[in-house]
Every structure is written in structure tokens, then in C-alpha cells.
Amino acid sequence: MRALAHVSDLHLGRDPATDDAARRLCAALLEAEVDQVLLTGDVTHRGRAAELRRFQEIFAPLLLAGRLLVVPGNHDRMGDDVHRVWMGGARVTASRLPGLHVVRVDSTAPHNRSLIRGHGLLTPADLEAVRRALDEAPPRALVALMLHHHPMPLPEEDLAERLASFFGWPFAAELPLGPALLRALRGRCDLVLHGHRHVTSAAVLGEGAARPLRVLNAGSTTLTRQFRVLEHDAGCLAREQWLAVPGEAAPALAPAAA
Ligand SMILES: [Fe+2]
Ligand SMILES: [Fe+2]
């Protein structure tokens with residue numbers, strides 16, 4: 001039996017409470033002894049090099065052990081634009097790990113430099129690269145696709161998002177090619193792990209099918225102070241549980257840009 005943890009939207013550098021929550025989170029992840037941690041973007045709050053260094057310092061035990069995979073989020077494209085550090089500038093990569101095949105998709109774009117243009121980008125070329133990455137999945141491995149932005153509609157979380165949607169701005173909108181991505185994954189993938197939206201969510205596509213597809217949003221782990229752990233064996237999910245990050249009670253979800 002192996003286990004992975006999904007975390008997202010750390011927003012390091014937002015304030016001291018956020019950075020403290022990240023330190024507690026790393027300790028909790030080590031305590032949980034998961035094989036792999038998958039982090040789906042907005043690692044930094046303003047894309048600053050100093051925020052990236054803080055992330056590397058806090059999560060060094062997991063990074064040095066090769067147990068942490070990251071995709072960038074729109075906030076990582078701001079400031080010093082630190083997004084290349086995790087995928088080397090590639091849009092799609094595949095990682096073959098024991099019992100786990102991870103396809104990483106960079107759904108960010110240059111327009112994310114602007115805080116109010118936080119929506120994602122997925123191109124037909126990205127979809128084709130995802131199909132090729134799925135081809136590399138070995139049998140009896142759990143297949144997980146990581147990306148920052150959500151591929152299917154989710155409700156607005158606060159007044160700013162409701163206003164943005166009212167005026168037709170795409171900030172809270174799903175990826176336009178999200179449905180096409182999900183169609184490409186059905187029957188070939190087990191998990192879609194994303195963030196961007198700070199409230200957790202989950203959906204199962206093809207429930208009852210031989211290979212259902214779970215679309216899971218970790219939310220902002222430094223705000224929710226909890227993370228999903230998924231246990232798997234021979235390519236099948238065995239158990240899902242939420243673990244809490246010890247420490248102060250989580251504050252109310254901030255109405256900050258996702
Ligand atoms: Fe985001
Ligand atoms: Fe975020």
C-alpha cells in the first residue's frame with residue numbers, strides 16, 4: 001500500500017500566519033509518512049524569488065527526498081515569475097514513480113502577471129502532450145494528472161468572484177478546454193488534482209465505471225489547515241482521508257484572489 005497527499009495554494013509570503021501554517025503543514029506531511037506529496041500551484045503569493053526561497057527552505061526535507069512534485073499557479077507568474085523552477089518551462093511532463101504515474105500540466109500563462117487576470121490556459125497542443133504522457137503510464141499504476149486551474153465549473157467563492165463573473169471576466173471560470181481534457185482522461189486516468197479555488201471540492205465522473213475519474217480540489221491548504229491523503233495499491237484507490245495540520249484554528253477563508 002502506498003499513499004500520496006494533495007496540497008495546494010500555499011501562498012507563501014502573504015503574511016506570517018501563512019508561512020507558519022506552511023511550516024506546520026510540512027511537519028504534518030512528514031509525520032503522515034506519505035510516499036509522495038503533490039502540490040498544485042500558487043506556491044508563492046506574489047511570485048517573488050524570496051518567497052520561492054522560503055518554500056525551498058520550509059519544504060527542504062520533502063524536496064531533497066524527491067517526495068514533492070509541484071506545478072505552478074497563476075500567482076507564481078507574478079513578481080519575479082518563478083514558475084520555471086518546477087517544470088523547467090515545459091507545459092506537460094510525466095513522472096514514473098513506484099505505483100504512481102504523474103502527469104503534470106502547467107496551466108499558467110504570461111497574462112497571469114496581472115492579479116486580475118488569474119484564469120488559466122490549456123491549448124490543443126497541451127492536450128496532445130497529455131495524451132502522449134498518458135501513453136507512458138505503466139500497467140497497475142495509479143494515474144494522476146496535476147494542474148493548477150479547475151477543468152470543470154465551480155461556484156464563485158466570494159463577492160469579488162461573483163462580480164467578476166457578472167461582468168464576464170474569466171477569473172473564476174473553468175479552463176475553456178477543461179471538458180476536452182476530462183474527455184481525454186476518461187478511462188485512462190484516476191485522479192485530476194487541482195487548486196486555484198480556495199474552497200475544497202470533489203467530483204466523481206463515471207461513478208460505477210471500471211475506471212472512474214475523481215476530480216479533486218485541495219483548496220488553499222494554508223487556509224483550510226487540512227489535506228487529503230489517498231492510499232492506493234496496484235493502481236486502485238483504497239482509501240481517502242483528511243488529515244489536519246496541528247496548530248491554531250483555521251481562520252475564515254480569506255476573500256483573496258485565487
Ligand atoms: Fe490560483
Ligand atoms: Fe490561490
Side-chain angles (χ1 to χ4, degrees), residues 6-15 17-19 21-22 25 37-48 51-52 54-55 58-59 69-87 91 104-122 126 145-165 169-178 181 192-201 215-228 245 250-258:
H6 177 207
V7 300
S8 198
D9 292 70
L10 304 183
H11 287 270
L12 278 162
R14 176 168 46 201
D15 51 41
T18 298
D19 293 3
L25 169 62
V37 178
L38 306 181
L39 166 53
T40 49
D42 282 359
V43 177
T44 64
H45 192 51
R46 288 288 183 264
R48 299 184 184 106
E51 294 169 340
L52 173 63
R54 197 165 309 155
F55 163 71
I58 292 173
F59 287 88
L69 285 178
V70 185
V71 293
N74 54 300
H75 278 249
D76 302 311
R77 300 298 303 256
M78 300 165 69
D80 299 314
D81 192 354
V82 299
H83 83 286
R84 283 188 177 80
V85 74
W86 298 299
M87 294 175 62
R91 294 284 297 175
R104 282 186 287 172
V105 178
D106 178 357
S107 60
T108 70
H111 65 247
N112 294 147
R113 171 163 287 280
S114 165
L115 178 63
I116 61 168
R117 303 193 71 221
H119 57 285
L121 176 72
L122 196 62
D126 294 335
L145 181 135
M146 302 168 60
L147 78 174
H148 179 63
H149 293 89
H150 47 303
M152 52 196 293
L154 289 172
E156 289 90 5
E157 294 171 1
D158 53 45
L159 180 61
E161 288 189 354
R162 284 192 287 278
L163 282 172
S165 297
W169 301 335
F171 186 86
E174 72 278 16
L175 289 163
L177 285 186
L181 172 68
V192 175
L193 304 176
H194 71 85
H196 188 54
R197 314 309 305 280
H198 287 182
V199 176
T200 64
S201 62
V215 182
L216 306 179
N217 174 16
S220 174
T221 313
T222 47
L223 287 173
T224 64
R225 313 275 175 95
Q226 58 180 341
F227 57 91
R228 270 190 187 93
V245 177
L253 282 173

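Heavy-atom basis, side chains included; hydrogens, waters and symmetry copies ignored. Read the numbers this way: they start at 1 and go in the same order the structure lists the ligands and their atoms. Quick note: residue numbers are just sequence positions, from 1.
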_Let me check your reading of the structure: within less than 2.8 Å of the Fe ion (ligand 1), is there an N/O/S atom from H148?_
yes
*Identified side-chain hydrogen bond (donor to acceptor under 3.5 Å, both in side chains) partner of H148 from the options T40, D42, D106*: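 In the set T40, D42, D106, the residue that makes a side-chain hydrogen bond (donor to acceptor under 3.5 Å, both in side chains) with H148 is D42.
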_Main chain of R117, side chain of N112: is a donor-acceptor contact present, judged purely on distance under 3.5 Å?_
yes
*Between R48 and M78, is there a donor-acceptor pair closer than 3.5 Å when you use the side chain of the first and the backbone of the second?*
no
*Of the backbone and side-chain N, O or S atoms of H11, does one lie nearer to the Fe ion (ligand 2) than 2.8 Å?*
yes
*Rounded to 10°, how many degrees is the angle NE2/H198-the Fe ion (ligand 2)-OD2/D9?*
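Between NE2 of H198 and OD2 of D9, the angle at the Fe ion (ligand 2) is about 90°.
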*Evaluate the side-chain proximity of T108 to D76: yes if any heavy-atom separation is below 4.5 Å, no if none is.*
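No; the side chains remain at least 4.5 Å from each other.
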_If you define the side chain from C-beta out and look only at heavy atoms, does anything of H149 sit under 4.5 Å from N74?_
yes
*Once rounded to 10°, what is the value of the angle centred on the Fe ion (ligand 1) between N74 OD1 and H196 ND1?*
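Output for this angle: 90°, rounded to tens.
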_Looking only at N, O or S atoms, which one in D42 sits nearest to the Fe ion (ligand 1)?_
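Closest N, O or S atom of D42 to the Fe ion (ligand 1): OD2.
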